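Please read the structure below before turning to the comments.
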Amino acid sequence: MPKSGASKSLTGKEVEYLKTVFKLLPGRDIVGSLEVADAMGVSCATASEYLERLEEKGMLKRYRWRGVVLSKKGLEEVNRIIRNHRIFETYVYRFLSVSLEDACECASMVEQHLSEKVVNSMCSALGHPRTCPHKNHIPGGRSCC
Ligand SMILES: [Zn+2]
Ligand SMILES: [Zn+2]
């Protein structure tokens with residue numbers, strides 16, 4: 001059985017693409033592959049390859065000539081990763097006299113792998129913050145906030 005909250009099979013690169021699609025999403029429901037390629041600084045062929053892998057893993061759906069739409073699973077996963085990043089970063093920054101830059105860098109390395117239980121405990125210790133020190137929104141935990 002997979003560990004709770006851990007994403008079984010996304011690679012670090014795939015997570016980057018997933019987050020990029022999510023960032024481009026506000027205000028519309030479909031994101032062009034070319035925009036993803038531009039945002040990642042890669043060729044369209046490279047971006048398409050990763051988007052195809054994300055589709056195989058059920059994170060998004062590709063529409064020929066139009067672009068990609070995140071699935072429910074993809075949205076949940078990207079929200080989980082963003083929450084993990086921002087809670088971890090806020091915790092380390094607030095309690096451990098680590099610079100925000102270092103906290104953020106470390107959060108990027110572990111964000112995908114933190115368990116929901118640990119992140120919820122950190123969230124409680126912080127008093128369920130709504131934003132990280134960068135003033136970015138922290139998605140609430142279903143069983144926490
Ligand atoms: Zn932040
Ligand atoms: Zn909370």
Side-chain angles (χ1 to χ4, degrees), residues 1-42 44 46-63 66-96 98-145:
M1 219 176 86
K3 271 183 286 171
S4 79
S7 83
K8 295 178 286 292
S9 50
L10 289 193
T11 65
K13 258 281 181 274
E14 288 165 359
V15 168
E16 274 183 57
Y17 278 86
L18 187 65
K19 286 201 284 189
T20 298
V21 173
F22 182 74
K23 263 186 231 153
L24 291 168
L25 207 55
R28 61 248 179 85
D29 49 10
I30 193 157
V31 173
S33 323
L34 188 60
E35 292 173 79
V36 177
D38 280 348
M40 291 294 295
V42 299
C44 215
T46 304
S48 296
E49 195 182 303
Y50 279 101
L51 293 173
E52 192 179 333
R53 287 192 211 170
L54 285 169
E55 185 175 47
E56 279 164 13
K57 292 177 181 179
M59 296 294 158
L60 52 80
K61 182 111 189 65
R62 293 184 306 150
Y63 294 93
R66 295 182 59 212
V68 299
V69 174
L70 290 185
S71 66
K72 186 166 176 279
K73 186 177 166 189
L75 272 173
E76 278 172 8
E77 179 64 358
V78 75
N79 268 298
R80 183 184 78 81
I81 291 169
I82 289 171
R83 172 172 163 80
N84 286 358
H85 180 109
R86 295 184 180 157
I87 291 290
F88 181 88
E89 157 189 278
T90 306
Y91 185 95
V92 167
Y93 177 68
R94 196 185 298 177
F95 294 133
L96 305 179
V98 167
S99 73
L100 181 53
E101 199 189 349
D102 288 344
C104 183
E105 192 187 319
C106 188
S108 299
M109 292 187 265
V110 299
E111 60 189 16
Q112 211 189 332
H113 309 289
L114 297 169
S115 76
E116 188 177 358
K117 208 173 178 180
V118 166
V119 171
N120 283 354
S121 298
M122 288 176 154
C123 189
S124 295
L126 289 163
H128 309 286
R130 294 274 168 247
T131 56
C132 76
H134 297 103
K135 304 269 178 269
N136 290 322
H137 171 71
I138 300 176
R142 270 169 302 182
S143 54
C144 180
C145 311

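Throughout, numbering of the chain's residues begins at 1 and tracks the sequence. Nothing here was measured: the structure is a model prediction, and the numbers come from that model.
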Reported CG-to-CD distance for the pair Leu100 and Glu89, which is rounded to 0.5 angstrom = 5.5 Å

Can you list, pair by pair, the side-chain donor-acceptor contacts under 3.5 Å of residues 135-145, counting residues two or more places apart and other chains?
{"from": "Ser143", "atom 1": "OG", "to": "Asn120", "atom 2": "ND2", "distance (Å)": "3.1"}

Spatial distance of atom CG (Leu114) from atom CD1 (Ile87) [nearest 0.5 Å] | 10.5 Å

Within 6.0 Å of CD in Glu76, more than 12 heavy atoms from elsewhere = yes

Work out which heavy atom in His85 is nearest to a heavy atom in Ser108; give both atom names and the distance.
-> CE1-OG, 3.3 Å

Roughly how far apart are Leu18 CG and Met59 CE, rounded to 0.5 Å?
-> 6.5 Å

Any side-chain heavy-atom pair of Leu25 and Val31 under 4.5 Å = yes

Euclidean distance, Lys72 NZ relative to Leu60 CG, rounded to 0.5 Å | 16.0 Å

Ignoring hydrogens and angles, tell me if any N or O in the side chain of Lys73 forms a donor-acceptor pair with the backbone of Lys57 under 3.5 Å.
-> yes

Side chain proximity check, Tyr50 to Val36, heavy atoms < 4.5 angstrom = no

Find the distance between OH (Tyr17) and CG (Leu10) and round it off to the nearest 0.5 Å.
-> 14.0 Å

Just wondering, more than 12 heavy atoms not from Arg66 lying within 6.0 Å of its CZ?
-> no

Return the minimal non-hydrogen interatomic distance between Lys23 and Pro26, and the atom names on each side.
-> O-CD, 3.2 Å

Indicate the atoms forming the closest heavy-atom contact of Thr20 with Ala39, along with that distance.
-> CG2-CB, 3.6 Å

Side chain proximity check, Val21 to Leu51, heavy atoms < 4.5 angstrom = yes

Heavy-atom nearest pair, Gln112 first then Arg80, reads O-NH2, 3.0 Å

Tyr91 and ring pair (Phe, Tyr, Trp, His ring centres under 6.0 Å): which partner among Tyr93, Phe88, Phe95?
-> Phe95

Nearest-0.5 Å distance that lies between atom CG in Leu70 and atom NZ in Lys61 | 13.0 Å

Please name the pair of heavy atoms, one in Ala103 and one in Val98, separated by the smallest distance, quoted to 0.1 Å.
-> N-CG1, 3.7 Å

Ionic contact status for Arg53 with Glu49, cut-off 4.0 Å | yes

Arg86 side chain to Arg130 main-chain N or O, any donor-acceptor pair under 3.5 Å?
-> no

Flag the pair Lys19 / Val78 as yes when at least one side-chain heavy-atom distance between them is below 4.5 Å, and no otherwise.
-> yes

Looking only at non-hydrogen atoms, find the nearest pair between Asn84 and Glu111 and report the distance.
-> ND2-O, 2.8 Å

Donor-acceptor under 3.5 Å (Ser33 side chain, Ser48 main chain) | no

